[in-house]
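Below you'll find the structure, written out as structure tokens, and then a few comments.
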Amino acid sequence: MAAMTAATRPDHVPSRDWYQRDAHDVGADLLGAHVTTRRPDGEVTVRLTEVEVYRGQADPASHAYRGPTARNAAMFGEPGRLYVYRHLGLHHCVNVVTGPEGVASAVLLRAGEVVAGIDVAGGRRRRAGVLRSDVDLARGPARLAVALGLDLTALRADLTDPAGDVVVQRHPAVPALPHVTGPRVGVSGEGADAGRYPWRLWLPDEPTVSVYRPAAPRRRPAARKA
DNA sequence: GGTACGATTGTCT
DNA sequence: GACAATCGTACCT
């Protein structure tokens, strides 16, 4: 087992070209990879166990489906950087930008296992709410963001800089791990079609993989007074 | 200028 | 299993 202090190995940090591939390939290769964040309150490393692929303007479920906007601009930018957004005014979700610049594909980091900095991640999670167990530390995209200490300040963070605040590490010789695919979580409308968009990827038999939940039922419009 | 809604989570029943 | 929390963004008038 490596020392808990995540000493970055530059030769294990994928290059920008590595991210400039199809989002599905990058997503599959990210499973089992380590993400290390260096924040003022500490350093945390997570081993990714679950991701989702979003294909920009070709994907009805993607934020970029309707073209570039102020919010999703990072997705159209350089691959190998982070696209972070706030969801429901409550949570943050973290994506890795993939594909060539100008193509808004991305991989949503959904869940992982905290392998270093458990105390730091646990402290963040306790501050943010309830923490039931270590398995819950980074199970779910918003929880993962909290555990890693990522918010909008990490937007466009460069993952290819071994000395950066957010670094992805992956052994260059290891092929993609065996994984399972299925429908994406919480995606409604056309993009929820599991047959056409089985773009959730996870490692089998991992307790940190989030529970599948269909898209939240649409809130019934309040009855209007006649 | 107004409004509907969301790549989620935690709590309550 | 159902629902509230909570606010920025996108879309409509």
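In what follows, chains carry the letters A, B, and so on, assigned in the order in which the sequence lines appear, proteins first and then strands, with residues in each chain numbered from 1. These numbers come from the heavy atoms of this one structure, side chains and all, not from hydrogens, waters or symmetry mates.
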Do we see A:Tyr54 stacking on the base of B:dA7, given a limit of 5.5 Å between centres and 30° between planes? yes
Within a reach of under 6.0 Å around CG of A:Asp205, are more than 12 heavy atoms found that belong to other residues, nucleotides or ligands?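 Count not over threshold, so no.
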Figure out the [atom1]/[atom2] separation between [X] and [N], and round it to whole Å.
X	N	atom1	atom2	result
A:Asn72	C:dT9	CG	C1'	10 Å
A:His92	C:dC7	NE2	P	11 Å
A:Leu88	C:dA4	CG	C1'	11 Å
A:Leu144	B:dT9	CG	C1'	14 Å
A:Glu52	B:dG6	CD	P	16 Å
A:Leu82	B:dA7	CG	C1'	16 Å
A:His87	C:dT6	NE2	C1'	11 Å
A:Arg184	B:dT8	CZ	C1'	16 Å

Can you identify which nucleotide, out of [options], has its nearest atom closest to the [X] side chain?
X	options	answer
A:Leu90	B:dT9, C:dT6, B:dA7	C:dT6
A:Arg66	C:dC11, B:dA7, B:dT9	C:dC11
A:Ala142	B:dA7, C:dC11, B:dT9	B:dT9
A:Arg71	B:dG10, B:dA7, C:dT9	C:dT9

Return the CG to CZ distance between A:Leu30 and A:Arg47, rounded to the nearest 0.5 Å.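 The distance works out to 13.0 Å.
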Are A:Val46 and A:Val26 connected, step by step, through hydrophobic side chains (Ile, Leu, Val, Met, Phe, Trp, Tyr) whose heavy atoms are closer than 4.5 Å? yes
Please determine whether a side-chain nitrogen or oxygen atom of [X] lies at a distance below 4.0 Å from atom OP1 or OP2 of [N].
X	N	value
A:Arg86	B:dG6	no
A:Thr69	C:dA10	yes
A:His63	B:dA7	yes

Checking all strands, does A:Arg125 fall into the base, sugar-phosphate, or nothing category for heavy-atom contacts under 4.0 angstrom?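 Touches sugar-phosphate only.
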Looking only at atom C1', what distance separates B:dC5 and C:dC3, rounded to whole Å? 16 Å
Please measure how far the P atom in B:dA7 lies from the corresponding atom in C:dG1, and state the result in whole Å.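 Per the computed distance, 23 Å lies between those P atoms.
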So which of A:Thr98, A:Leu108, A:Val97 actually passes side chain to side chain contact (heavy atoms under 4.5 Å, CB included) with A:Tyr83?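 Result: among A:Thr98, A:Leu108, A:Val97, A:Val97 is the only option passing the side chain to side chain contact (heavy atoms under 4.5 Å, CB included) with A:Tyr83.
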How are the rings of A:Tyr85 and A:His63 set to each other: parallel, tilted or perpendicular (split at 30° and 60°)? perpendicular
In Watson-Crick or G-U wobble terms, both distances under 3.5 Å, what is the partner of B:dA4?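 C:dT9 - that is the nucleotide pairing with B:dA4, both distances being under 3.5 Å.
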